Amino acid sequence: MAKKNQNEMSFLDHLEDLRWLLVRSTIAIIIMAIVTYFVSDYLFDVVIFGPTRPSFFTYTFFCELSHSLGFADSICITEMPFIIQNTEMEGQVNVFIWICILAGFILSFPYILWEVWKFISPALYTNEKKNAKIFIFFSSLLFFLGVLFGYFVVIPMSVNFVATFTVSDVVKNQFTLDSYIGMVKTSVLASGLFFELPIIIYFLTKLGLVTPNFLRTYRKYAIVIVLIIAAIVTPPDVVSQTIVAIPMLLIYEASIWISVFVFKNKKD
């Protein structure tokens, strides 16, 4: 069996390493946030507020899909019956800053993973340390796929649902800027982190905190939770709910197989 790093570190040494991890990661986020400042017009007009327009890619895709499936214009979106308004004195300034920080975090995520890997590497075996590039590549890939899933699937589905849902024709939708941006941030980050589930399960299995049997036992609960989430963020049609639910279920199934692989290697 490959040996672990023999250089013992004190608790204070670990705290010092953790402090510098946070410092360097924060600096990386700030640098990337400053970079996004120079493309902020595109970031807000095209990216952030893209899902508020009927011409957004996801809406046109579903419209074409409904035609190909013979549903005519049943899931085509021609208008967004709401407006977004700012109701706070510093509302737009705060939104601008936080969106730049969010973009900075997303763009610097591979570097943050590299810092995390350096922090945990002393506890790893020699052969495991050689997998740093693989870990960073797949973790970053899954995170970015999750971000794209959140942006192109979860956000437009959520926007369409809340825009068309009404308790009465008397009520008109006028969403605050803060609530819309909060939904965007939550959807993107939650999806990105959810797609990291296979990586998390990998380490939890290696630590003996999770087993394949545990994941299989709770699979039925995971399916129910995913279907509930899909039903909440999508319009009341089977096509939309299926498109949201399938990737999430595949991620969970992939996590089970990863756990099986790690569990077998531990026994060997």
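All values reported here derive from a predicted model rather than from experimental measurement. Scope of the values below: all heavy atoms of this structure, side chains included, with no hydrogens, waters or symmetry mates.
When side chains are defined from C-beta on, Ile99 counts as touching Ile48, because their heavy atoms get closer than 4.5 Å. Taking the side chain as every heavy atom from C-beta outward, Asn160 and Tyr59 approach each other to under 4.5 Å. With contacts defined as side-chain heavy-atom distances shorter than 4.5 Å, the pair Thr58/Pro51 does not qualify. Side-chain contact between Leu215 and Val210 is present, with at least one heavy-atom pair separated by less than 4.5 Å. Annotation: side chain of Ile83 is not in contact with side chain of Phe175 (no heavy-atom distance under 4.5 Å). In this structure the side chain of Ile29 reaches within 4.5 angstrom of the side chain of Ile101, judged on heavy atoms. With contacts defined as side-chain heavy-atom distances shorter than 4.5 Å, the pair Phe105/Leu189 qualifies. Looking at heavy atoms from C-beta onward, Arg216 lies in side-chain contact with Val260 at the 4.5 angstrom threshold.
Taking the six-membered ring where the residue is Trp, Phe144 and Phe109 present perpendicular rings, their angle passing 60° and hence far from 30°.
Connection of Val95 to Tyr42 is established within a shared hydrophobic cluster, with ILVMFWY side chains joined at heavy-atom distances below 4.5 Å, either directly or through further cluster members. A single hydrophobic cluster is seen to contain both Val153 and Leu141, as judged by linkage of ILVMFWY side chains at heavy-atom distances under 4.5 Å, directly or through other members. Linking ILVMFWY residues whenever their side-chain heavy atoms come closer than 4.5 Å, directly or via other members, leaves Trp257 and Phe263 in distinct clusters. Taking hydrophobic clusters as Ile, Leu, Val, Met, Phe, Trp and Tyr residues chained together by side-chain heavy-atom distances below 4.5 Å, Val154 shares a cluster with Val226. Using a 4.5 Å cut-off between side-chain heavy atoms of Ile, Leu, Val, Met, Phe, Trp and Tyr, with links allowed through other members, Met32 and Val184 fall into different hydrophobic clusters.
Among all heavy-atom pairs drawn from Phe149 and Pro247, the shortest one is CE1-CG, 3.6 Å. Between Asn86 and Gly91, the shortest heavy-atom contact is OD1-CA, 3.4 Å. Listed here is the closest heavy atom pair of Asp45 and Arg53: O-NH1, 2.7 Å. Of all heavy-atom pairs between Pro110 and Ile106, the closest is CD-O, 4.2 Å. Closest non-hydrogen pair, Phe119 versus Leu18, comes out as CE1-N, 3.6 Å. The two residues Ala163 and Pro81 come nearest to each other via the heavy atoms O-CG, 3.3 Å.
Once rounded to the nearest 0.5 Å, the distance linking CG of Leu15 with CZ of Arg19 reads 10.0 Å. Here Ile256 contributes atom CD1 and Thr211 contributes atom OG1; the two are 10.5 Å apart, rounded to the nearest 0.5 Å. Rounding to the nearest 0.5 Å places CD1 of Ile201 at 8.0 Å from CZ of Phe214. Between the CE atom of Met248 and the CG atom of Leu197 there is a distance of 10.0 Å, given to the nearest 0.5 Å. Between the CG atom in Asn94 and the CG atom in Leu177 there is a gap of 9.5 Å [rounded to 0.5 Å]. The line from CD1 of Ile258 to CG of Leu204 is 12.0 Å long, rounded to the nearest 0.5 Å.
With 3.5 Å as the limit, one finds a donor-acceptor pair spanning the side chains of Ser259 and Thr205.
Here salt bridge (charged side-chain N to carboxylate O under 4.0 Å, His left out) pairs that include residues 157-181, with residues two or more places apart or in two chains, number zero. For the salt bridge (charged side-chain N to carboxylate O under 4.0 Å, His left out) condition, the pairs that include at least one residue of residues 251-263, sequence neighbours left out, are Arg219-Glu253. Every pair passing salt bridge (charged side-chain N to carboxylate O under 4.0 Å, His left out) that includes a residue from residues 20-34 is listed here, sequence neighbours excluded: Arg24-Glu115.
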Quiz item: What do the steps show when you test Trp98 against Ile181 for side-chain contact (heavy atoms from CB on, under 4.5 Å), and what is the final call?
Solution: CA-CA 9 Å; Trp98 281 110; Ile181 295 299; 5.9 Å; no
Practice problem: Could you go through the side-chain contact (heavy atoms from CB on, under 4.5 Å) check for Phe62 and Met157 one step at a time? | Solution: CA-CA 11 Å; Phe62 275 111; Met157 294 297 181; 2.7 Å; yes
Exercise. Could you go through the side-chain contact (heavy atoms from CB on, under 4.5 Å) check for Thr176 and Ser179 one step at a time?
Key: CA-CA 5 Å; Thr176 64; Ser179 65; 3.0 Å; yes
Quiz prompt | From CA spacing to verdict: side-chain contact (heavy atoms from CB on, under 4.5 Å), Ile77, Cys63 | solution = CA-CA 7 Å; Ile77 297 172; Cys63 186; over 6 Å; no
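Around CZ of Phe82, the count of heavy atoms belonging to other residues, nucleotides or ligands within 6.0 Å exceeds 12. The neighbour count for Gln85 CD, taken as heavy atoms of other residues, nucleotides or ligands under 6.0 Å away, is above 12.
The backbone N or O of Leu43 sits nowhere less than 3.5 Å from a side-chain atom of Ser40 that would complete a donor-acceptor pair. With hydrogens and angles ignored, the 3.5 Å screen pairs no side-chain donor or acceptor of Ser191 with any backbone N or O of Val188. Remark: side-chain polar atoms of Thr36 are paired, donor with acceptor, to backbone N or O of Ala33 under 3.5 angstrom. Looking at Ser25, its side chain never comes within 3.5 Å of a backbone N or O of Leu22 through a donor-acceptor pair. Judged purely by atom type and a 3.5 angstrom limit, Thr186 has no side-chain atom pairing as donor or acceptor with the backbone of Met183.
The aromatic ring centroids of Phe143 and Phe195 lie 6.0 Å or more from each other. Here the two rings, on Phe96 and Phe44, have centers that are under 6.0 Å apart. Taking the ring centroids of Tyr221 and Tyr218, they lie under the 6.0 Å cut-off. A ring-centre distance under 6.0 Å is found for Tyr151 and Phe56. Ring centroids of Tyr180 and Phe49 are separated by less than 6.0 Å, placing the two rings close together.
For Phe261, there are no ring pair (Phe, Tyr, Trp, His ring centres under 6.0 Å) partners two or more places apart in sequence or in a different chain. Partners of Phe38 under the ring pair (Phe, Tyr, Trp, His ring centres under 6.0 Å) rule, at least two apart in sequence or in another chain, do not exist in this structure. Checked against ring pair (Phe, Tyr, Trp, His ring centres under 6.0 Å), Phe135 has the following partners two or more places apart in sequence or in another chain: Trp117, Phe203.
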